[in-house]
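Both counts, for ligands and for their atoms, begin at 1 and track the order of listing. For the single chain, residues carry numbers from 1 onward in sequence order.
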Amino acid sequence: MKKKKIVILTGAGMSAESGIKTFRDSDGLWENYPVQQVASIEGYEENPRLVLDFYNARRKELLRTVPNHGHLKVAELENYYDVAVVTQNVDNLHERAGSSHVIHLHGELMKATSSRNPNDPACICDISPEHPEIRLGDKAADGSQLRPYIVWFGEAVPRFEDAIREAETADIFIIIGTSMQVYPAAGLIRYIRRGIPVYVIDPKVVPVSCASPVHTIAKGASEGMDELFKILLKE
Ligand code: OAD
């Protein structure tokens with residue numbers, strides 16, 4: 001029998017229990033770093049060193065973390081469903097937990113690219129854990145300054161089209177640990193088929209509007225995934 005398809009949209013709360021800070025909670029990253037300075041194309045053009053340092057620090061932090069129970073449960077869903085993970089996170093914790101189909105809407109911390117043509121596949125390269133820093137003067141394949149492969153505010157989100165194709169064919173849609181404030185990611189839910197079940201795992205109330213029944217699990221990612229398993233596997 002053909003497996004049902006689950007599409008999961010994840011945000012920073014998915015990785016919170018691995019020790020990675022969220023952005024908009026109290027003491028979140030955007031409280032301690034001006035978002036305009038470190039996560040916009042204008043900020044990068046104005047002070048590339050500051051931006052490179054910010055992501056170098058995030059990358060070193062990522063190398064010290066491991067996937068949490070929630071990531072592992074998301075990967076385990078593949079035993080029962082055809083699963084696509086659409087993540088706003090730039091960490092690689094879904095992949096390290098075993099998820100085999102992950103779409104990164106906002107880029108990947110362990111990759112670098114060209115400052116001139118950030119979406120040119122020929123310029124996108126892996127950053128090795130042994131040399132986790134990008135420095136001023138490091139060059140991409142096209143000779144321009146190497147930069148983090150991160151989608152900054154003011155830039156296009158090229159993988160959104162792939163995410164739409166997944167959402168359109170979902171039988172079940174799950175949202176984990178995102179405040180649903182950043183578009184186009186938060187708009188992905190508009191593409192699901194009317195009436196399919198939607199589950200939201202987040203300790204806080206998240207605004208989700210769609211023409212589907214929305215089941216809220218007001219818990220952290222790990223506990224919330226355990227609860228979701230009980231619900232799904234009893235169906
Ligand atoms: P936010 O920081 O806006 O939201 C994090 C969400 O995670 C909130 O709804 C929290 O309640 C929830 N949360 C906190 N702890 C949790 C836990 N243990 N388990 C589950 N949920 C938990 O982060 P995002 O919505 O991911 O983009 O932010 C979206 C984008 O804004 C990011 O990708 C980033 C940022 O600017 C870029 O940098 C381009």
Side-chain angles (χ1 to χ4, degrees), residues 8-44 50-52 54-59 61-62 65-74 85-94 97 102-111 113 118-119 147-160 163 174-189 198-208 214-229:
I8 311 180
L9 175 66
T10 68
M14 182 81 234
S15 299
E17 289 158 28
S18 294
I20 296 180
K21 279 190 177 175
T22 59
F23 297 97
R24 295 176 183 79
D25 289 305
S26 63
D27 199 36
L29 271 179
W30 293 162
E31 215 166 75
N32 297 298
Y33 299 89
V35 51
Q36 225 10 63
Q37 239 172 46
V38 298
S40 76
I41 186 65
E42 295 82 11
Y44 177 65
L50 178 104
V51 177
L52 293 183
F54 174 77
Y55 289 97
N56 286 341
R58 303 277 77 71
R59 203 172 296 115
E61 178 183 76
L62 172 60
T65 63
V66 291
N68 64 56
H69 179 72
H71 292 109
L72 296 171
K73 294 304 278 185
V74 166
V85 177
V86 178
T87 188
Q88 298 166 83
N89 299 344
V90 296
D91 64 53
N92 55 5
L93 296 176
H94 280 302
V102 184
I103 296 175
H104 285 272
L105 290 179
H106 293 164
E108 295 176 64
L109 207 40
M110 295 309 295
K111 290 187 176 167
T113 191
N119 295 311
R147 61 163 263 190
Y149 180 54
I150 302 284
V151 175
W152 286 321
F153 287 104
E155 295 190 300
V157 182
R159 299 240 37 212
F160 194 58
I174 302 171
I175 298 170
I176 307 174
T178 168
S179 60
M180 298 288 270
Q181 288 187 41
V182 174
Y183 284 79
L188 189 63
I189 192 154
V198 173
Y199 296 90
V200 178
I201 299 176
D202 198 300
K204 284 194 195 150
V205 178
V206 174
V208 175
V214 178
H215 309 268
T216 303
I217 301 176
K219 292 189 168 158
S222 295
E223 260 191 283
M225 277 305 294
D226 281 340
E227 188 161 326
L228 183 66
F229 256 73

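Take A221 and apply the side-chain contact (heavy atoms from CB on, under 4.5 Å) test, not counting sequence neighbours, and it matches M14, E17, I176.
Interface of F153 with ligand 1, defined as ligand atoms under 4.0 Å from a residue heavy atom, comprises 36 (O). Listed by number with element, the atoms of ligand 1 under 4.0 Å from a non-hydrogen atom of A221 are 17 (C), 19 (N), 20 (C). Heavy-atom proximity to V151, at under 4.0 Å, picks out these atoms of ligand 1: 39 (C).
For the residue pair H69 and D226, a side-chain donor N or O sits within less than 3.5 Å of a side-chain acceptor on the partner. For the 3.5 Å distance criterion, the side chains of Q88 and T10 fail to qualify, holding no donor opposite an acceptor.
By heavy-atom distance, the residue among G11, S179, P203, A186 lying nearest atom 1 (P) of ligand 1 is S179. Nearest residue to atom 31 (O) of ligand 1 from R24, K219, K21 is R24 (criterion: closest heavy atom).
Proximity of V182 to ligand 1, defined as any heavy-atom pair under 4.0 Å, is confined to the side chain (atoms from C-beta onward). Within the 4.0 Å heavy-atom criterion, the part of E17 lying near ligand 1 is the side chain and not the backbone.
For atom 17 (C) of ligand 1, the nearest non-hydrogen atom of the protein is G13 O, 3.4 Å.
You'll find the side chain of K21 reaches within 4.5 Å of the side chain of N32, heavy atoms only.
When only interatomic distances are considered, the shortest N/O to N/O separation between G220 and ligand 1 does not fall below 3.5 Å.
Seen from the ring of F54, R58 counts as a face-on cation partner, given the 6.0 Å and 45° thresholds.
In this structure, W30 counts as a contact residue of ligand 1, since one of its heavy atoms falls inside 4.0 Å of the ligand.
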